[in-house]
Amino acid sequence: MPATVVVGTQWGDEGKGKFTDLLARDMDMVVRYQGGHNAGHTLVVEGRTFKLQLVPSGVLSPHVTPIIGNGVVVDPLVLIAEMDQLAAGGIDCGRLRVSGNAHLILPYHQALDVVTERHLGRNKLGTTKRGIGPAYADKAARVGLRVQDLLDPKIFREKLGVVLHEKNPLLAKVYNRLPFDPEAMAQQYLEECGPRLAPHIADTVGLIHDALDTGGNVLLEGAQATFLDLDHGTYPFVTSSNPVAGGACVGAGIGPRHIDRVIGVTKAYVTRVGSGPFPCELTDEIGDHLVDVGHEYGTNTKRRRRCGWLDTVMLRHAVRVNSLSDLAITKLDVLDDLDPIRVCVAYDIDGERHHSLPYHQSDIHRAVPVYEDLPGWRTDLTGVSDRSELPRQADDYLRFIEEQAGVPASLVGVGPGRDQFLTYRPAP
Ligand code: IMP
């Protein structure tokens, strides 16, 4: 059976978890393919709130096998804490499988993330300080430790010794921080994490292909989003992995021919956490309104998110680089009280109009949004569950987004609850 990818079309926090959870009802397997515990999914199920960072959203559906793919970076202590938290909430993590090839985030990664951000000062990236960038850097430099190394004490100690030989002087001499004791670290991780994670560590590539070959439905769950992608995002204000749909192939171990649907999760407005360009950012009372009504604070870091109007220049680019088949639009209800509702349809850069995203970062920094104003609906949408119940203006807004994006919207979210959504068009 073909696989489906869910990817964010903005700078993250589009509400991917909600739709992943919804789609998981028809899935046999849900796979995280990149990122780490920099992600944060809030799911509200039967009045209970779950905050997930590493475990795929599909864990809440008892028939789903949740997989942490090879492309993810795993802090094993965080993973264990999350599994314990889910178990305490009555959610069984016994089916969870973690790729032995996924790389580990260890304490020196987090320490380096913190000191390099401080070193950058005014130019800091605004990372989540979870050690994501340093862990992926070690992976690329081929000095990373992998999840499978937790099962081989000799290899774990050897690799840790090599890597700390380099990291300790860097931390101590360049950044004036205490060095790490390799033996104490090895002991802690091998004793606390190895045995606990052993039943979950697996050849996930094999598992995913077994599922596909036997007619199973596989959902590939992206974390972060298109414009935080290391290659396609607003570099250097990006994360260190590839959230775009192509990253799903690498991070799960499948080829593109297995994928037949790519859903772009698009918030009805745009938010961003951390530094970097944001042409449609609103620093006025409408921006404050979006923060308040949309509860736009980070799930993980509690940082206030920057908010702005929907940007269809970015959206069209996301359609291209991900080969989106359809959109899932989230948080439409957050716009209920706004009138007019503005949508950015182009950028003005030095007097020239651009309908597609300029490739040069400096142009994005200088871009002035060209807006089209649409009438608001001034109606509470949170109880709407069918397209026919939408006020005309809300329906017009959605159709306008479809026209601008060039792909249909299949699902629309109108509130945080699991059932607060409507099917706008049948799945393509
Ligand atoms: P890092 O992923 O912690 O290295 O952070 C790099 C950039 O990505 C920062 O601007 C973060 O705020 C942003 N970022 C990372 N993960 C997320 C996420 O899940 N949602 C939104 N922004 C994120």
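Indexing begins at 1, ligand by ligand and atom by atom, following the structure's order.
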Q224, any N or O under 3.5 Å of ligand 1 N or O: yes
Short N-O contact, R130 and D75, less than 4.0 angstrom: no
K331 with E296: basic N within carboxylate O range, under 4.0 Å: yes
A39 touching ligand 1 at heavy-atom level, < 4.0 angstrom: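 Yes.
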Where is the nearest protein heavy atom to [atom]: which residue, which atom, and how far?
atom	value
atom 6 (C) of ligand 1	V238 O, 3.2 Å
atom 23 (C) of ligand 1	L228 CD1, 3.6 Å
atom 9 (C) of ligand 1	G126 O, 3.2 Å
atom 2 (O) of ligand 1	T239 OG1, 2.6 Å
atom 18 (C) of ligand 1	N38 O, 3.7 Å
atom 3 (O) of ligand 1	T128 OG1, 2.5 Å
atom 10 (O) of ligand 1	V273 O, 3.3 Å
atom 20 (N) of ligand 1	D13 OD1, 3.2 Å

Derivation of the side chain to side chain donor-acceptor pair (under 3.5 Å) call for T127 and D113: CA-CA 8 Å; T127 75; D113 202 348; 3.0 Å; yes
Residue part near ligand 1, for D113, under 4.0 Å between non-hydrogen atoms: neither
Flag side-chain contact, heavy atom, 4.5 Å: W11 against V273: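 Contact flag for W11/V273 side chains = no.
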Salt bridge (Lys or Arg N to Asp or Glu O under 4.0 Å) between D84 and R196, worked out: CA-CA 11 Å; D84 288 344; R196 180 71 200 278; 2.9 Å; yes
G71 backbone acceptor or donor facing H103 side chain under 3.5 Å: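 Pair absent, no side-chain N/O of H103 close to backbone of G71.
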Can you name the atoms of ligand 1, numbered from 1 with element, that are less than 4.0 Å from a heavy atom of [X]?
X	result
L125	10 (O)
W11	21 (C), 22 (N)
G274	10 (O)
R303	11 (C), 12 (O)

Candidate pair T9 and V265, rule side chain to side chain contact (heavy atoms under 4.5 Å, CB included), full reasoning: CA-CA 6 Å; T9 62; V265 183; over 6 Å; no
Candidate pair V59 and L96, rule side chain to side chain contact (heavy atoms under 4.5 Å, CB included), full reasoning: CA-CA 8 Å; V59 74; L96 175 70; 5.8 Å; no
Y235 atom OH: more than 12 heavy-atom contacts under 6.0 Å: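 No, because the 6.0 Å sphere around OH of Y235 holds 12 heavy atoms or fewer from other groups.
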